Structure formats: structure tokens, C-alpha cells
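FYI, the numbering just counts along the sequence from 1. The structure displayed is predicted, hence computed values, not measured ones. Because only heavy atoms are used, hydrogens play no part in the values below, and waters and symmetry mates are left out as well, while side chains stay in.
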Amino acid sequence: MTRRIVRTVIQVSTAALLTFVVIFFLDRNFRVLPNAIHEYLPTHHAGLIITDLTITTCSSYNIFSNCKLDPAVWHRVEKDLYLGKGTFSSAYLHISRKREEDLTSDDKVLVDVTVGRLNPNTNDKENKGELWESRPAGLWVKRSSKRSATDSSTTVTGVDVLFGDDAVEARNDWTITRTPLLLDAGSDVPAAHITIRRGAEHAAFRPTLRINPSGRFKIMQLADLHLSTGLGDCRDALPEDWNGGKCEADPRTLDFVTKMLAEERPNLVVLSGDQVNGDTAPDTQSAIFKYAQLLIEHKIPYVSIFGNHDDEGSMSRAAQMDLIETLPYSLSRAGPEDIDGVGNYYIEILARKGSDHSAITVYLLDTHAYSPNERKFPGYDWVKKNQIDWFKSTAQRLKKPHKEYTHGHMDVAFIHIPLPEYRGPNITMWREWKEPSTAPVYNSHFHDAMVEEGVVMVSCGHDHVNEYCALSQKEDGKPAMWMCYGGATGFGGYAGYGGYHRKMRIFDFDMNESRITTWKRVEYGDDKDKRLEELIMVDGGRPVPPVVDEEAPPPAPPPAQPPSQ
């Protein structure tokens, strides 16, 4: 019996080893493993000390040029500094690292980095015997042979690359070099910036959400920012003579958001998908940091889900969420690994100070991207059954603790792609229906599940020019749930319907009355300082019909064909 067990163990171990070797060989040559495995690589590993940096450039013209260095000495940051736009050239940053116990007397530790054409030693009056050393592309490094440098809070412990003239850092303890690397890239290649972290990595700040002492809480929905790597190009921007005819998408988008953050002072921002304009964001990380840095600067907590364009750039959903989860003020989460999608989770907004009961639960779900069965169900994907099962079991589990909140707990939800019920026959419209709803053809009945579990409001994005709210009805004709659009905020996405100006949606919660009021803000025009189409959608904790404005015209039917999303 013992021999048989030993023989079985040996056979299993041999098979496992053989499988590992085969997969490793195939992956090295054909990349058979999931992208997320390759994409997520920390810029610094605990116990490793950065000893040097360099840049390699290779050309398809020169068969002897090579952008790979000895992997035993150098780690290559897997970002082509030309972002794949170099006609015949590529360039990469390499980091030399050693285990601290393996450092020899000849090794030096990286203590500073700069970029420029001039030798920085000329004006460095405090070099302390440590001289700047030249590297390719205008990169200069300063290294120290002092063993005490490994314990210094000023020692460089992480190195990365970000892109674009508007590149910013959003991570704790990181600093970006404002001078870009001196590469011979064309004008259509966003500038590459070295960014470094000093000292030990610190955990990001995670705020606790709580109802204000006044009983109020405000959520700002930012739908479809469509940020790029670099400044981005405006689409369908009005007025056409803006800034002398020059409209840069990302600066104008972020200026709009900045103005609204100052005026509305939200307690939470919900990023409801398509934060990144995939095909113009070859470095997704640089695009993410733009909105994150802005919210961090204003000290505003935020949560995010993905749209159909977010992962069309350089990072998968999983890799993006790995990154977003580490950023200050981010309450975003990947959610359970055993259900479809990335970003199925909920957050709790607690009662006023002195109570730890939940007052509001915000559910966020991944609506995926394109239909998995285009022939039978053309268009867009839908919320899957296991997601709905997760939502229902979670909502039912939370019902008992939620009843302990004496002012009346409320459940709301945010998604990216609208539900089929957004274009259903039995809905009460509030304001204009400007373009066809691109809800999925297949109805997985997530709407019904939310109504059954008491969700009073859901809001989406995706259809940029739609900005209406619609009240669905139960079989007995009573109000079921409000369904809103956020209206597109970003200038990098389309907006070509009838002179549309970019907007965003606000939700104001008054927990004294269990009331939700919503309105919109617009980026340009005579109404840019006003609340638009204000609506009490929930009162006494229940969805309520809109107060009919007899002077307002009924909503017109939308155009027949939607644009590309």
C-alpha cells in the first residue's frame, strides 16, 4: 500500500512538472496564459533594491539591435516608449534590481532620477560625492554606494512610465518628471515621462462614507469620460469656435468636472463606465490617473465600473481594477471571482455620526461589452444570471441589518449599458429621449430582480446623448423603479444629436424624508450655472411619479439609428 501511494505521488508530481514546463514554453512563445497574468507586475518587489536604470532602442531596420537585456540582471517595463506608433522603432525602460543581501561593495543604490539635455552636475551643489550618470534619451540617474541608502526614505523604490503632456501621478509617494524622455518620436506619439516612488509603499487612504449631520448625501455620476493617452481630440464639440477653434478633449472634460466638483461638492463620485476611450488610450494607466488625481486632489471618494471601451486599450478589466483598488480615495472593488465580469460589488453609506447602521446601499455591476451571440442577439451584452443571483442573495442577506436604520434605508444601483426596460412600453418619461437606447436585445430580467429586492433607482451611461429618466411600472400600475441616464461628460466620445452639450447627473439624498432628488448640470450655454430638469424621484423611500409640467412637450421618438458606441 505504501509503495502504491509513493508511486502515485511521484506520477502526479511528474505530470504536474511536465505540464508546467509545457505551459511555460508555450506561453513564452505564444502567450497562451491570460493577459492579466502578464499585465500585472509590481514596479517594485519587497526585498529587491533598485541599482540602475537604462533605456534600449531597437529598429526593424537593424537586425542586430535588441530591446532585451539579460533578464537575470534587468527587468523590462513592458511599455513601448513609442506606444507602438514608431514606424520602425521601439524603446523600453529597464530596471536593474538586486536582493538586499546580495549587494556587493561594487553595487550602488538608485537615489534620484531626472531628465534633461544638460548635465545636472553643473548646478548640483549638494551632490554629497554622488554624481549624476548619463543614460540614453536624456535620462540621468544618481546612485549611492552607501549601505545606509537602502534604509533611506528618499531612496527610489519604484519606477514606471506615464505618457502625455498632461500626464499626472495618482499614487501615494510617487513623483513624475515633468521633462519627458528625449526620444526621436513623432508629434503623434505622446511624450513619455519617468515617474518614481521614494521610500516604503504606504497604504492608500480609504474613507468611510457617512450621511452628513444635516441628513444629506450627494452623489455625482460621471458617465462616459472617454479619456485618452495624451490630450485627446474633441468629437461633436460645441460651440465650434471654442478657444479659437481648438478643442482638446481631456483638458476640456476635466475642466468641466473640476468646476462641478467645486460647485456641487459631492460626497461620492460614481464613474459609470467608459472612463477610458480605448482606441485612443494606448497607455490606459495614464488615462485612469487623470480622473483619479483630480478626485484625490479634491479629497472626494469614488467608485468605478467598466464600459465597453475601457478595456480596448492596453489593460484588461482585471488589471485596471487591480490598479484602481490601490489608489487613494478609491472604494472600487473587483468583486467575487466566481461570477461574470469585473466590478460586481456594493458599498454602504453609513448613518450620521454616532451610528454604524447602513443608510444607503449602492450596488455596482459589470454590464460587460458586446453580445457573445451576435447572430441571435445583435448589439450589446447583458447582466448574467450568476450576477443576478449574487445580487439577490446579497440584497436578501443585508435586509435584516438594514432594517435597524430607523430613518428608512434605500438601495440604488449603477450600471453602464442600459437595461431593455429603458425602452419599454410601460414607462413614464421625464424629459427628452434624444437617441435610440442601445440596451441589449436579450433580457436577463435584472430590472425585475432589482424591483423585487427594493432598489428604487438605477442609473447608466453608454448612450451619450440620452439624459432622461424613466419610471417603470409594476403589474398593478404602481411605480416600480426609476431608470436614469447620466448624459455623457467627456468630449472624447460622440455627441452628434441636435446640438447636445456635455452634462452630468447629480443625486441628492435627504435621509430625513427618505427622498432622492436628481438634476443635471451642463458644460456650456445659458444654463451652465443652473440645475436642469430637477426631479423628486423617490419620496418616503418609494419611487414616485413626476410632477407633470403641462407646458413641457411630450418626449419625441428617438432617431431610427444609433451611432457607433
Side-chain angles (χ1 to χ4, degrees), residues 221-227 232-243 245-250 252-253 255-257 259-260 272-274 277 307-309 379-380 416-425 427-439 459-471 482-506 518-535 537 546 548-565:
Q221 180 186 357
L222 298 180
D224 300 86
L225 290 174
H226 282 268
L227 299 172
D233 296 320
C234 290
R235 292 183 61 185
D236 305 323
L238 295 174
E240 293 181 355
D241 61 350
W242 172 268
N243 196 25
K246 182 179 181 181
C247 179
E248 295 168 333
D250 290 10
R252 189 168 174 184
T253 297
D255 284 348
F256 178 32
V257 175
K259 180 177 184 288
M260 292 298 100
S272 59
D274 281 358
N277 194 50
N308 51 296
H309 288 300
Y380 291 93
H416 179 69
I417 297 174
L419 304 170
E421 285 77 9
Y422 272 74
R423 61 187 179 198
I427 56 176
T428 301
M429 301 287 298
W430 179 254
R431 297 314 186 226
E432 285 190 83
W433 185 358
K434 295 182 179 178
E435 65 169 308
S437 172
T438 56
S459 193
C460 72
H462 189 59
D463 296 340
H464 295 187
V465 183
N466 277 336
E467 47 181 312
Y468 66 81
C469 289
L471 179 62
W482 275 102
M483 302 174 292
C484 289
Y485 277 103
T489 302
F491 283 83
Y494 77 89
Y497 280 98
Y500 179 80
H501 290 287
R502 266 63 176 195
K503 297 183 178 72
M504 64 179 63
R505 184 171 287 281
I506 307 295
T518 187
W519 61 84
K520 295 176 294 186
R521 296 296 304 270
V522 65
E523 190 261 354
Y524 182 84
D526 295 338
D527 295 328
K528 62 184 177 63
D529 296 320
K530 301 177 182 177
R531 294 181 177 181
L532 302 181
E533 300 174 8
E534 192 165 347
L535 166 70
M537 57 197 320
V548 178
D549 183 354
E550 297 181 356
E551 297 182 0
Q561 295 296 326
S564 171
Q565 299 286 348

Check: Where do His501 and Leu238 come nearest, in terms of heavy atoms and distance?
Finding: CE1-CB, 3.5 Å
Next item on the list: Measure the spacing between OG1 of Thr428 and CE of Met483 and express it to the nearest 0.5 Å.
Entry: 9.5 Å
Notebook entry, point to check: Is there a side-chain contact between Val522 and Lys528 (heavy atoms, below 4.5 Å)?
Noted result: yes
Notebook entry, point to check: Should Tyr497 and Asn466 count as side-chain neighbours, where that means a heavy-atom distance under 4.5 Å?
Noted result: no
Margin query: Which residue is it: His464, His309, Arg502? I am looking for the one with a side chain to side chain donor-acceptor pair (under 3.5 Å) to Asp224.
Written below: His464
Check: Which heavy-atom pair separates His226 from Gly493 by the least distance, and what is that distance?
Finding: CB-N, 3.7 Å
Notebook entry, point to check: Atom OG1 in Thr518, atom CH2 in Trp482: separation rounded to 0.5 Å?
Noted result: 10.0 Å
Margin query: A side-chain contact here means heavy atoms from C-beta on lying under 4.5 Å apart; do Asn243 and Glu248 qualify?
Written below: no
Next item on the list: Determine yes or no for a side-chain-to-main-chain donor-acceptor pair under 3.5 angstrom, with Tyr422 supplying the side chain and Cys469 the backbone.
Entry: no
Item checked: Closest approach of Tyr500 to Lys434 (non-hydrogen atoms, all atoms of both residues) -> CD1-NZ, 4.1 Å
Margin query: Donor-acceptor check, side chain of Trp430 to backbone of Cys484, threshold 3.5 angstrom: yes or no?
Written below: no
Notebook entry, point to check: Charged N to carboxylate O under 4.0 angstrom, Arg431 versus Glu467?
Noted result: no
Item checked: Distance (rounded to the nearest 0.5 Å) between Lys503 NZ and Met260 CE -> 12.5 Å
Item checked: Under 3.5 Å: donor-acceptor pair, side chain of Glu533, backbone of Lys520 -> no
Check: Going from CD1 on Ile427 to CD on Glu421, what distance comes out if it is rounded to the nearest 0.5 angstrom?
Finding: 9.5 Å
Checklist line | Residues Lys259, Asp529: salt bridge by 4.0 Å N-O rule | finding: yes
Next item on the list: Identify the two heavy atoms, one from Arg252 and one from Tyr524, that lie closest to each other, and give their separation to 0.1 Å.
Entry: NH2-CB, 4.3 Å
Note to self: Using only atom types and a distance under 3.5 Å, with no angle test, would you say the side chain of Glu523 pairs donor to acceptor with the backbone of Phe256?
What the structure shows: no
Next item on the list: Identify the two heavy atoms, one from Met429 and one from Ala470, that lie closest to each other, and give their separation to 0.1 Å.
Entry: SD-CB, 4.2 Å
Note to self: Could you tell me if the side chain of His462 sits less than 4.5 Å from the side chain of Pro418, heavy atoms only?
What the structure shows: yes
Next item on the list: Quick one: closest heavy-atom pair of Thr253 and Leu225, and the distance?
Entry: CG2-CD2, 3.8 Å
Notebook entry, point to check: Should the SG of Cys247 and the SG of Cys234 be checked, would they turn out to be under 2.5 Å apart?
Noted result: yes
Notebook entry, point to check: Is there a donor-acceptor pair closer than 3.5 Å between any side-chain N or O of Arg505 and the backbone N or O of Tyr485?
Noted result: yes
Next item on the list: Determine yes or no for a side-chain-to-main-chain donor-acceptor pair under 3.5 angstrom, with Asp236 supplying the side chain and Gly496 the backbone.
Entry: yes
Item checked: Backbone N/O of Arg531 and side chain of Trp519: donor-acceptor pair under 3.5 Å -> no
Next item on the list: Give, for atom CG of Asp274 and atom OG1 of Thr489, the distance between the pair rounded to the nearest 0.5 Å.
Entry: 11.5 Å
